[in-house]
Amino acid sequence: MTEVLPSSAVAAEGLPEYPTPRAAKCPFAPPAELLALHEADKPIVRVKTWDGSTPWLVTTHAAQRQLMSDPRLSANIGAPGYPHTTASMKEHAAHITLSINNTDGAEHTRWRRMLTGSFTRHRMEKLRPEIQHITDDLIDKMLTGPNPTDLNEAFSLPLPSLMICALLGVPYSDHDFFQEHAGVTNARFKTAEEAAATTAELRRYIAGLIEQKMDEPGEDVLSDLGARIKEGELALEDAAHLGHILLVAGHDTSANMITLGTALLLENPDQLAGLLTNADDPAYVAGSVEELLRYLTIAHLLARRAVVEDFEFGGETIRAGEGVIASLQAANWDPEAFPEPDKLDLTREAAHHHAFSWGPHQCIGQQLARIELHVVFSTLFRRIPSLRLAVDPSELRFKHDSQAYGIYELPVAW
């Protein structure tokens with residue numbers, strides 16, 4: 001049998017590049033080159049990335065369901081072969097401490113258990129009335145403010161920011177501070193120095209809040225973490241790390257999803273008409289949200305793993321020390337799992353998508369995100385049925401340079 005060399009030593013000539021740009025005329029769709037890999041009839045292929053390395057790319061829905069739960073793949077971003085998105089992130093990885101997002105097995109389970117009680121479905125559902133209140137309040141302010149306006153600034157970003165602040169116990173008055181740092185965290189081309197500086201700033205800020213809550217606890221996640229510190233289960237530094245992850249992930253991705261979803265619906269008036277007609281049907285709205293999540297896949301550059309043990313898969317030998325990228329957007333546009341994936345169909349059964357990843361590292365806050373989106377898309381167009389884009393779609397600036405896909409500004413009018 002011919003020896004298979006590690007990905008760093010494999011000749012990259014002739015391999016497809018990853019990632020490739022989206023087509024300017026189809027900014028909501030994954031890159032055509034990525035989708036073309038479905039036609040190769042292979043669940044895993046080598047690709048060439050920014051540094052010339054050649055990790056494996058998993059493009060099919062079924063293959064991702066197998067591999068994303070495989071213990072031979074590690075989420076440890078410091079492990080040999082881990083396929084980093086940029087040089088600065090690779091450099092920064094050497095200084096990142098272990099936590100819920102970069103551990104495996106029993107260690108990951110221990111970290112996740114620290115938060116599961118704070119993110120139960122029941123606890124998230126109790127937030128629905130507050131989400132509805134905030135949604136209506138923001139729409140009221142929009143309707144009495146400038147017309148046209150930027151939906152991102154007036155609505156998409158404040159809603160999840162207010163909710164994650166309430167859930168974590170973070171003062172919303174500090175939102176300018178943490179939104180700025182969250183933007184740096186999610187920037188694809190930040191420097192290692194910028195990454196380290198913004199991480200340190202946010203950790204210091206969150207650690208200070210946790211220390212306050214250890215003396216005066218409330219009903220919020222940072223108070224829960226403070227209680228675990230007092231019980232000796234968790235160190236303050238580790239608690240601040242968890243809070244940092246939740247704060248950044250809890251508002252930026254949902255904000256991008258609200259803005260992108262709104263723009264996509266405005267570009268698909270037939271589907272928007274169906275949503276308006278059925279806005280009072282919770283099942284229809286819930287199904288619509290799943291289809292929007294599938295179609296858009298905000299986490300467009302995830303998920304990434306390092307191989308820690310040799311194994312065979314899809315007729316290939318996958319070696320320890322190589323990297324694996326599970327393209328969530330490719331799986332969500334896999335025609336075997338979602339017939340006619342390029343067709344936005346709010347009546348589609350799409351709940352088996354991978355927008356929140358798959359396996360042990362599925363997004364722990366996904367129920368909160370779903371409820372936010374249920375409320376938004378059952379309310380926004382019902383309250384403002386004349387909502388429309390205030391610019392030509394070609395003028396929209398998409399976040400190709402961010403790890404969370406989105407639109408920088410969405411000028412709308414009514």
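What you see is a predicted model; the values in this text were computed from it and never measured. Basis for what follows: all heavy atoms, side chains included, without hydrogens, waters or symmetry-related copies.
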Side chain to side chain donor-acceptor pair (under 3.5 Å) with K399: which residues, sequence neighbours excluded?
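With neighbours one apart ignored, the set is N256.
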Side chain to side chain donor-acceptor pair (under 3.5 Å) against S254, all qualifying residues, sequence neighbours excluded
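By the side chain to side chain donor-acceptor pair (under 3.5 Å) rule, S254 matches E372.
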Heavy atoms, side chains only, cut-off 4.5 Å: are [X] and [Y] in contact?
X    : Y    : result
E237 : T97  : yes
L167 : M124 : yes
V170 : I164 : no
Y408 : D401 : yes
S327 : L57  : yes
I318 : I44  : yes
N102 : Y82  : no
L292 : L373 : no

Suppose we screen for ring pair (Phe, Tyr, Trp, His ring centres under 6.0 Å). Which residues come up paired with H361, at least two apart in sequence or across chains?
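Checked H361 against ring pair (Phe, Tyr, Trp, His ring centres under 6.0 Å); matches are H108.
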For H133, enumerate each residue passing the ring pair (Phe, Tyr, Trp, His ring centres under 6.0 Å) test, keeping only those at least two apart in sequence or located in another chain.
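Partners of H133 under the ring pair (Phe, Tyr, Trp, His ring centres under 6.0 Å) test: none.
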Do I384 and F155 pass the side chain to side chain contact (heavy atoms under 4.5 Å, CB included) test, and can you show the C-alpha distance, the side-chain angles, and the key distance before you say yes or no?
CA-CA 13 Å; I384 318 178; F155 183 72; over 6 Å; no
Check this for me: [X], atom [atom1], are more than 12 non-hydrogen atoms of other residues, nucleotides or ligands nearer than 6.0 Å?
X    : atom1 : value
R128 : CZ    : yes
D270 : CG    : yes
E267 : CD    : yes
E153 : CD    : no

Could you check whether any side-chain N or O of [X] sits under 3.5 Å from a backbone N or O of [Y], counting only pairs where one atom can act as donor and the other as acceptor?
X    : Y    : result
R294 : H353 : no
D51  : A87  : no
R305 : V324 : no
E409 : D150 : no
N278 : G274 : yes
N76  : T103 : no
H241 : I100 : no
Q367 : R121 : no
E290 : A350 : no
Q403 : L301 : no

Taking the six-membered ring for Trp, are F338 and H61 closer than 6.0 Å centroid to centroid?
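Yes, ring centres under 6.0 Å apart.
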Is R46 paired with E322 through a side-chain N to carboxylate O contact shorter than 4.0 Å?
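Answer for the salt bridge query: yes.
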Taking the basic N atoms (NZ, or NE/NH1/NH2) and the acidic carboxylate oxygens, is any pair closer than 4.0 Å for K141 and D137?
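Salt bridge: yes.
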Spacing of [X] atom [atom1] and [Y] atom [atom2] [to the nearest 0.5 Å]:
X    : Y    : atom1 : atom2 : value
W358 : Q64  : CH2   : CD    : 11.0 Å
L236 : I206 : CG    : CD1   : 10.5 Å
I364 : T120 : CD1   : OG1   : 10.5 Å
L168 : D224 : CG    : CG    : 10.0 Å
E211 : I229 : CD    : CD1   : 8.0 Å
I298 : M257 : CD1   : CE    : 5.5 Å

Indicate whether any N or O donor in one side chain lies under 3.5 Å from an N or O acceptor in the other, for S99 and N101.
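Looking only at side-chain atoms, N101 and S99 do not form any donor-acceptor pair under 3.5 Å.
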Without hydrogens or angle criteria, can the side chains of R65 and H354 be said to hold a donor-acceptor pair below 3.5 Å?
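The answer is yes; a qualifying pair exists.
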Quick check: closest heavy atoms across [X] and [Y], and the distance to 0.1 Å?
X    : Y    : answer
I371 : I131 : CG2-CD1, 3.6 Å
P31  : P21  : CB-O, 3.5 Å
G359 : S69  : CA-OG, 3.5 Å
D104 : S74  : OD2-OG, 2.5 Å
L234 : M114 : CD1-CE, 4.1 Å
Y284 : L275 : CE2-CA, 3.8 Å

Please list, chain by chain and in numerical order, all residues satisfying side chain to side chain contact (heavy atoms under 4.5 Å, CB included) with D220, sequence neighbours excluded.
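Testing D220 for side chain to side chain contact (heavy atoms under 4.5 Å, CB included), a comparison that skips the adjacent residues, returns K213, L222, S223.
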Which pairs pass ring pair (Phe, Tyr, Trp, His ring centres under 6.0 Å) with one or both residues in residues 26-47, sequence neighbours excluded?
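Of all non-adjacent pairs touching residues 26-47, those that pass ring pair (Phe, Tyr, Trp, His ring centres under 6.0 Å) are F28-F398.
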Is the cationic atom of R348 (NZ for Lys, CZ for Arg) positioned less than 6.0 Å from the six-membered ring centroid of Y295 and within 45 degrees of its normal?
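No, cation not above the ring by the 6.0 Å, 45° rule.
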Looking at W414, is R388 sitting on its ring face, NZ or CZ under 6.0 Å from the six-membered ring centre and within 45 degrees of the normal?
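Negative - R388 is either too far from the ring of W414 or too far off its axis.
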Run F311 and R319 through side chain to side chain contact (heavy atoms under 4.5 Å, CB included) and show every step you take.
CA-CA 7 Å; F311 65 99; R319 300 287 192 188; over 6 Å; no
Over 60° means perpendicular and under 30° means parallel, so tell me whether F377 and F381 are parallel, tilted or perpendicular.
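Judged by the thresholds at 30° and 60°, the geometry between F377 and F381 is parallel.
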Could you go through L159 and T135, starting from their C-alpha distance and side-chain angles, then the distance that decides it, and tell me whether this counts as side chain to side chain contact (heavy atoms under 4.5 Å, CB included)?
CA-CA 7 Å; L159 172 58; T135 298; 3.7 Å; yes
Full working for side chain to side chain contact (heavy atoms under 4.5 Å, CB included) between L127 and R123
CA-CA 7 Å; L127 296 173; R123 190 166 180 178; 5.8 Å; no
